[in-house]
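To start, the structure under review is shown below, and the notes come after it.
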Protein chains: 2
Amino acid sequence: MTVTLADVAARARVSPATVSRVLNGNYPVAASTRERVLRAVDDLDYVLNGPASSLAAATSDLVGILVNDIADPFFGIMAGAAQTQIGGPGDGSGRAGGEKLAVICNTGGSPERELTYLTLLQRQRAAAVVLTGGAVEDPAHQAAIAAKLAKLADAGTRIVFCGRPPLPEGDALVAALAFDNRGGGRRLTEHLISLGHRRIGYVAGPPERTTTRHRLEGHREALRAAGAVEEGGTAEGAEAEDRLTVHGPYDRRSGYEATLELLRRAPDVTAIVAANDTVALGACAAVRDQGMRIPQDISVAGFDDLPFSVDAVPALTTVRLPLFEAGARAGRLAMGKENPPPGGIATIAAELMIRGSTAAPRG
Amino acid sequence: MTVTLADVAARARVSPATVSRVLNGNYPVAASTRERVLRAVDDLDYVLNGPASSLAAATSDLVGILVNDIADPFFGIMAGAAQTQIGGPGDGSGRAGGEKLAVICNTGGSPERELTYLTLLQRQRAAAVVLTGGAVEDPAHQAAIAAKLAKLADAGTRIVFCGRPPLPEGDALVAALAFDNRGGGRRLTEHLISLGHRRIGYVAGPPERTTTRHRLEGHREALRAAGAVEEGGTAEGAEAEDRLTVHGPYDRRSGYEATLELLRRAPDVTAIVAANDTVALGACAAVRDQGMRIPQDISVAGFDDLPFSVDAVPALTTVRLPLFEAGARAGRLAMGKENPPPGGIATIAAELMIRGSTAAPRG
DNA sequence: ACAGCCGTAGCAAGCGCTTTCTATCAGGGA
DNA sequence: TCCCTGATAGAAAGCGCTTGCTACGGCTGT
């Protein structure tokens, strides 16, 4: 029924050990023998039994990539980029070639599913795991994840964070690539302030995510530095900040609804900063549906600079994150093709992209 | 070092066989014994060895999902939806629960990589494989893929097509879910024709893809039915069709450039149909950069109805494909949770969404 | 009371591959 | 000429799990 190593060995008139060595190419085999074996492999259309191989070698060629939402290009781009570095081009034959099987796992942002996938990957003795995107800040889950990662690392699995802050007690991991969300958020709001905006609404992501918090913190840093919310004392400033912030999921619809809420609470905002570009698109729609023009009546800004941002009308002012580059680098780190950054952590710069959706508020 | 089944068995004072049966739950085990085993599993923090298990059982719990470009939400949405049906919620523990590990494989649209991934999946003895999106029409590759799929099916792997036409000699596969690209394309162009458009440009996808061909065929069917290109004879009609069609990859940039080319070739077109929404966005940008307004000066339409389409300004007229539903159904088929459609093939309707980007041409 | 069963648990034989250790052979230096 | 060395190939022992078959009580039916 199934062709096994032994069948190939028989046909090539060598021992199974030799066939294995030819296939893995990590032991000297005479050229003539190798050729004979390879021909037998082709003749019989042999395909290695992965589980058997993994069992015997105690390692597998699986690399897991965990994402929060694969339908979101933010993750799609990173995951795709990582995969370009992991699944080598291959030769179409059944032979190994250093390429691994990159598997993208969609957690849907749920910590439980994240843990489940990590366990599944642990079961498969994955060669590496890449965790992308913001983490949930619940201490219990942080600890659970950290414990699981420690076990994985123990078993020889390489761990890479991409666009995700390192663990508090992050030691087991090979490398963390963190986006400068705080700095990006700060520069974006500084830009709005420099245009003359003072009442700036913020449509934030889910409160429990690190990404949300960091971007929001950057925003508020800029606000405070400019004294933009000082209308008496710090207490009132904080109150104003809260009133001008609405949280919701990272999707278009949430952006739409949160913006409506924001406009209701504070009809006098002159600018709205969204948690990301997708949310910003929803915000734009809401602003427009309220009969206001962008940017004449109200400025809108996003974050991430996803491909569609430049095509929005007007083009979205946003903060560019080098998603592809970061994903590719994470992939290389996972493959051990690249050395981890000093200290294990690299912060990736976020670049302000000023486009048409922001302008000075009306006199 | 690593905890094995035997360790658990020893601690629970039962045989390894019993532990295995408790974990797999497919053999009667007394409640008291089961509990003892489960406690031992927890105590020792045991995690099943996937490769060993797959080897012994001759099956694995991997399900592969092949996509052309994971950075494209078209695929992201389908893949994410499929995964919701495949990777059960799990319980966070190491225990099995019918859930499988859904792995998304990014082929980049390359047939070689598609084949490579299929081999990798075959190696892993995958439980099922879902192939999404249009196929490349090269006969050699068609045959290679068909042969590979036949082998996979032989080995017990379930095969599902999603948004991909069935193989010419498609028999081995469980089910094919095909989008009505031709019908959608036809209705879209009929809509434009009914608005009064006669000179309609078409920004097509890569010529070798089935999706491209079907959508284009639908477009031309509508054109011919309306006699819109008849300016003498059929030969001239065909020539006009070719002149008004520009091929390119399925991305924004290609849409931009192809539209510029189209406008150069035929400055008098009153409408442009794009291969998909992403391309349409590029087309819109090009139209605008040429100083024309949408839809007053020129109408633009897309295909797919990706989430951002409704947020384009003006909102994009397009053809809605139920990507999430199709992906979820494909996932269920892959899991054997749902029966294949009669004949193995189901055609999924495409719905015309008329929005602001199309209007009657200027008198 | 005895044969026959059902419900459970254990034994042991692999699943197909990797890898350590050993065997063999052809040369080359002394 | 003989022994030592380097280059290859083979033998065999698992890797950790699943599962067919066997074993063993206690029950039921007659």
Side-chain angles (χ1 to χ4, degrees), chain A residues 1-38 40-41 44-62 94-96 120 122-125 127 155-156, chain B residues 1-38 40-41 44-62 94-96 120 122-125 127 155-156:
Chain A
M1 186 65 208
T2 329
V3 180
T4 72
L5 235 212
D7 299 331
V8 175
R11 183 171 238 270
R13 316 199 130 276
V14 295
S15 73
T18 301
V19 177
S20 171
R21 298 202 260 244
V22 167
L23 260 23
N24 292 303
N26 47 16
Y27 190 89
V29 173
S32 63
T33 311
R34 157 178 296 111
E35 206 175 310
R36 204 143 33 90
V37 169
L38 254 22
V41 166
L44 297 177
D45 221 0
Y46 170 69
V47 175
L48 187 69
N49 182 318
S53 166
S54 298
L55 172 59
T59 58
S60 85
D61 52 5
L62 238 57
R95 268 164 263 138
L120 243 26
Q122 182 184 7
R123 235 190 231 185
Q124 301 299 332
R125 307 300 190 247
Chain B
M1 186 66 208
T2 329
V3 181
T4 72
L5 236 212
D7 299 331
V8 175
R11 183 171 237 271
R13 317 200 127 276
V14 296
S15 73
T18 301
V19 178
S20 171
R21 299 203 257 245
V22 168
L23 260 21
N24 292 302
N26 49 15
Y27 190 90
V29 172
S32 63
T33 312
R34 159 178 296 110
E35 205 175 311
R36 205 144 31 89
V37 169
L38 256 20
V41 166
L44 298 177
D45 220 0
Y46 170 70
V47 175
L48 188 68
N49 182 316
S53 167
S54 298
L55 172 60
T59 58
S60 85
D61 53 4
L62 238 56
R95 269 163 262 137
L120 243 27
Q122 182 183 7
R123 231 190 235 189
Q124 302 299 332
R125 306 301 188 249

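If you check D/dA11, D/dG16, D/dC15 against the side chain of B/Asn49, the one that comes closest is D/dG16. Of the candidates D/dT18, D/dC21, D/dG10, D/dT18 carries the atom nearest the B/Ala57 side chain, counting heavy atoms from C-beta on. Across C/dG16, C/dA9, C/dT18, the shortest atom-to-atom separation from the side chain of A/Ser20 is found for C/dT18.
Residue A/Gln124 contributes atom CD, which lies 13 Å from atom P of D/dC17 at whole-angstrom precision. Note: CG (B/Leu55) to C1' (C/dG16) measures 6 Å, nearest angstrom. As a whole-Å value, the separation of B/Arg21 CZ from D/dT22 C1' is 11 Å. Protein atom CZ of B/Arg125 is 17 Å distant from nucleotide atom P of D/dT18, rounded to whole Å. One atom, CG of B/Leu23, and another, C1' of D/dG16, lie 13 Å apart when rounded to the nearest Å. B/Leu5 has its CG atom 13 Å from the P atom of C/dG10, to the nearest Å. The separation between A/Asn24 atom CG and C/dT20 atom P is 12 Å, rounded to whole Å. A/Asn26 places its CG atom 9 Å from the P atom of C/dT18, with the value rounded to the nearest Å.
Side-chain contact check for A/Leu38 versus A/Arg34: some heavy-atom pair is nearer than 4.5 Å.
The residue among B/Thr18 and A/Ser32 whose nearest nucleotide of DNA chain D lies closer to the 5′ end is A/Ser32.
Contact annotation for B/Val19: no contact, since no heavy-atom pair falls under 4.0 Å across all strands. If you check every strand for non-hydrogen atoms under 4.0 Å, A/Thr2 touches nothing. Residue contacts for A/Ala30: at a heavy-atom cut-off of 4.0 Å it reaches the sugar-phosphate backbone alone, with no base atom in range. Heavy atoms of B/Thr33 sit under 4.0 angstrom from primed sugar atoms or phosphate atoms, though from no base atom.
Residues satisfying the side chain to side chain contact (heavy atoms under 4.5 Å, CB included) test with A/Ser53, not counting sequence neighbours, are A/Leu48.
Checked by distance alone, A/Tyr27 brings a side-chain donor or acceptor within 3.5 Å of a matching partner on the base of D/dA9.
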